*Asks:* 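Pasting in a structure now, in structure tokens, and then I'll have a few things to ask.
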Number of protein chains: 2
Amino acid sequence: MAMNCPSGRHDRHDVYASLCPCREVLDLLANKWSALAIGALEDGPQRFGALRRRLDGISPKVLTSTLRGLEAMGFVTRTVFPAVPPHVEYALTDLGRGAAVPLSGLRRWVEQHLDEITEVADAPSAAVRRTC
Amino acid sequence: MAMNCPSGRHDRHDVYASLCPCREVLDLLANKWSALAIGALEDGPQRFGALRRRLDGISPKVLTSTLRGLEAMGFVTRTVFPAVPPHVEYALTDLGRGAAVPLSGLRRWVEQHLDEITEVADAPSAAVRRTC
DNA sequence: GACATTAGTATCCGACGGATACCATTGAGA
DNA sequence: TCTCAATGGTATCCGTCGGATACTAATGTC
């Protein structure tokens, strides 16, 4: 149970240490929209509008801030093609492709176990709709 | 690219469909504190205070609401032992143990790749502290 | 001249996260 | 007897964030 981070140099990081930068990264990735955006970009580079449609229900403001956050940490690149109307492409970096692996695992787990979850969450004041 | 959910009965769920209950589940699990709490509970049942200490930096209010959310969806159980001072134990359900797998993957990935991330996020206005 | 397209930004509002203070109850210690 | 610590929260306040909606610039097309 090492508290590795708070004390200077180290080569083992710990998401359970509040001062470890891990926390910021976890906060960025452990987020509904980030998980969906990175997953969408696994199919190849996408334009803003395509992501907006794929991430059904996201508002443009939130999509912008999600992508800016991912860009700032080096998970995606943003490429502007000078054209009118504007043409901007977002793509995963190598780092982004790496992060996509555990995130895909999470998305897949949720999809595959939803039925069990709704079953369980059923009895007490149903926090989850049962049918789509 | 199936939009499986919005139309009644189905046995394939899709986190990319805004109306699929998947979304609520993903929103609950794809969250910093949920990921940490479920990870902490993998070591066995824990009391409120122990979780509070383990999830370094969480406020009691947020810990309560996180645990209540996980309980409502059937990922953790809450057991009250009638005693003074109060004694309450939180534990993973089978479902919670299942969800813990991809979440561990995500936490581990972040810890193992933090150095690359800070390196990349370095050049532009460093959104991430480099040392702990 | 009117309209569609694209990648956002501007604005408003309510919900949520985070920080802090506080509570009830009892056993142990002074 | 008085005081203190321990536990599992709740109450309160405040700033940030998410979500919804409207709007913009610049150009090609009809």
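These numbers come from a predicted model, not from an experiment.
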*Asks:* Please name all residues satisfying salt bridge (charged side-chain N to carboxylate O under 4.0 Å, His left out) with B:E42, sequence neighbours left out, ordered by chain then number.
*Replies:*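 Per chain and number, B:E42 pairs via salt bridge (charged side-chain N to carboxylate O under 4.0 Å, His left out) with B:R107.
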
*Asks:* Starting at the 5' end of DNA chain C, which residue's closest nucleotide do you reach first, A:A50 or A:D27?
*Replies:* A:A50

*Asks:* For B:P86, check side chain to side chain contact (heavy atoms under 4.5 Å, CB included) against everything at least two apart and list the hits.
*Replies:*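 If we apply the side chain to side chain contact (heavy atoms under 4.5 Å, CB included) test to B:P86, skipping adjacent residues, there are no hits.
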
*Asks:* Answer with yes or no whether the hydrophobic clustering places A:V80 together with A:V84; edges join I, L, V, M, F, W, Y residues whose side-chain heavy atoms lie under 4.5 Å apart.
*Replies:*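 No, because A:V80 and A:V84 fall into different hydrophobic clusters, even though each may have its own neighbours under 4.5 Å.
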
*Asks:* Take the protein atom CH2 of B:W33 and the nucleotide atom C1' of C:dC16, then report the distance between them rounded to whole Å.
*Replies:* 14 Å

*Asks:* Rounding to a whole Å, what distance do you find between B:Q46:CD and D:dG8:P?
*Replies:*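 Checked: the CD to P distance equals 11 Å.
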
*Asks:* Answer with base, sugar-phosphate or nothing: what part of the nucleic acid does B:Y90 contact at a heavy-atom distance below 4.0 Å?
*Replies:*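 Touches sugar-phosphate only.
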
*Asks:* Let's see if you can work this out: which of D:dG9, C:dA7, D:dG19 has an atom nearest to the side-chain heavy atoms of A:F48?
*Replies:* C:dA7

*Asks:* If each of B:V88 and A:N31 is mapped to the nucleotide of DNA chain D with the nearest heavy atom, which maps nearer the 5' terminus, i.e. the 5' end?
*Replies:* B:V88

*Asks:* Is the phosphate of D:dT7 approached by B:R47 (side-chain N or O, under 4.0 Å from OP1 or OP2)?
*Replies:*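 Looking at the OP1 and OP2 atoms of D:dT7, neither is under 4.0 Å from any side-chain N or O of B:R47.
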
*Asks:* OP1 or OP2 of D:dG19 versus the side-chain N and O atoms of A:K32: is any pair under 4.0 Å?
*Replies:*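 A:K32 to D:dG19 OP1/OP2: side-chain N or O found under 4.0 Å.
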
*Asks:* Whole-Å distance between D:dG18 P and B:R23 CZ?
*Replies:*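 Rounded to the whole Å, the gap is 15 Å.
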
*Asks:* Between D:dT7 atom P and B:E89 atom CD, what is the distance in whole Å?
*Replies:* 13 Å

*Asks:* Do any pairs count as a salt bridge (charged side-chain N to carboxylate O under 4.0 Å, His left out) and have a residue in residues 29-40 of chain A, sequence neighbours left out, and if so which ones?
*Replies:*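 Checked against salt bridge (charged side-chain N to carboxylate O under 4.0 Å, His left out) - neighbours excluded - the pairs reaching residues 29-40 of chain A are A:K32-B:D27.
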
*Asks:* Rounded to whole angstroms, how far apart are CG on B:L63 and C1' on C:dC16?
*Replies:*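 These atoms are roughly 16 Å apart.
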
*Asks:* Would you kindly give the CG-to-P distance between B:L36 and C:dG18, to the nearest whole Å?
*Replies:*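 In whole Å, C:dG18 P lies 11 Å from B:L36 CG.
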
*Asks:* Tell me whether the NZ or CZ atom of B:R47 lies within the 45° cone about the ring axis of B:Y90 and under 6.0 Å from its centre.
*Replies:* no

*Asks:* Taking ring-ring contact (aromatic ring centres under 6.0 Å, His included) as the cut-off, I'd like each qualifying pair that reaches into residues 57-83 of chain A, sequence neighbours left out, listed once.
*Replies:* A:F81-A:H87

*Asks:* Within this structure, what is the CG-to-P distance between A:L67 and D:dG18, rounded to whole angstrom?
*Replies:*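 Spelled out: CG on A:L67 to P on D:dG18 is 13 Å.
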
*Asks:* Test of understanding: with salt bridge (charged side-chain N to carboxylate O under 4.0 Å, His left out), list the residues that count as partners of B:R108, not counting sequence neighbours.
*Replies:* none

*Asks:* Between protein and nucleotides 20-30 of chain D, map the contacts as a letter string: B base, S sugar-phosphate only, - none, heavy atoms under 4.0 Å, written 5' to 3'.
*Replies:* BB----BS---

*Asks:* At under 4.0 Å, does any side-chain N or O of B:R68 touch on OP1 or OP2 of D:dT10?
*Replies:* yes

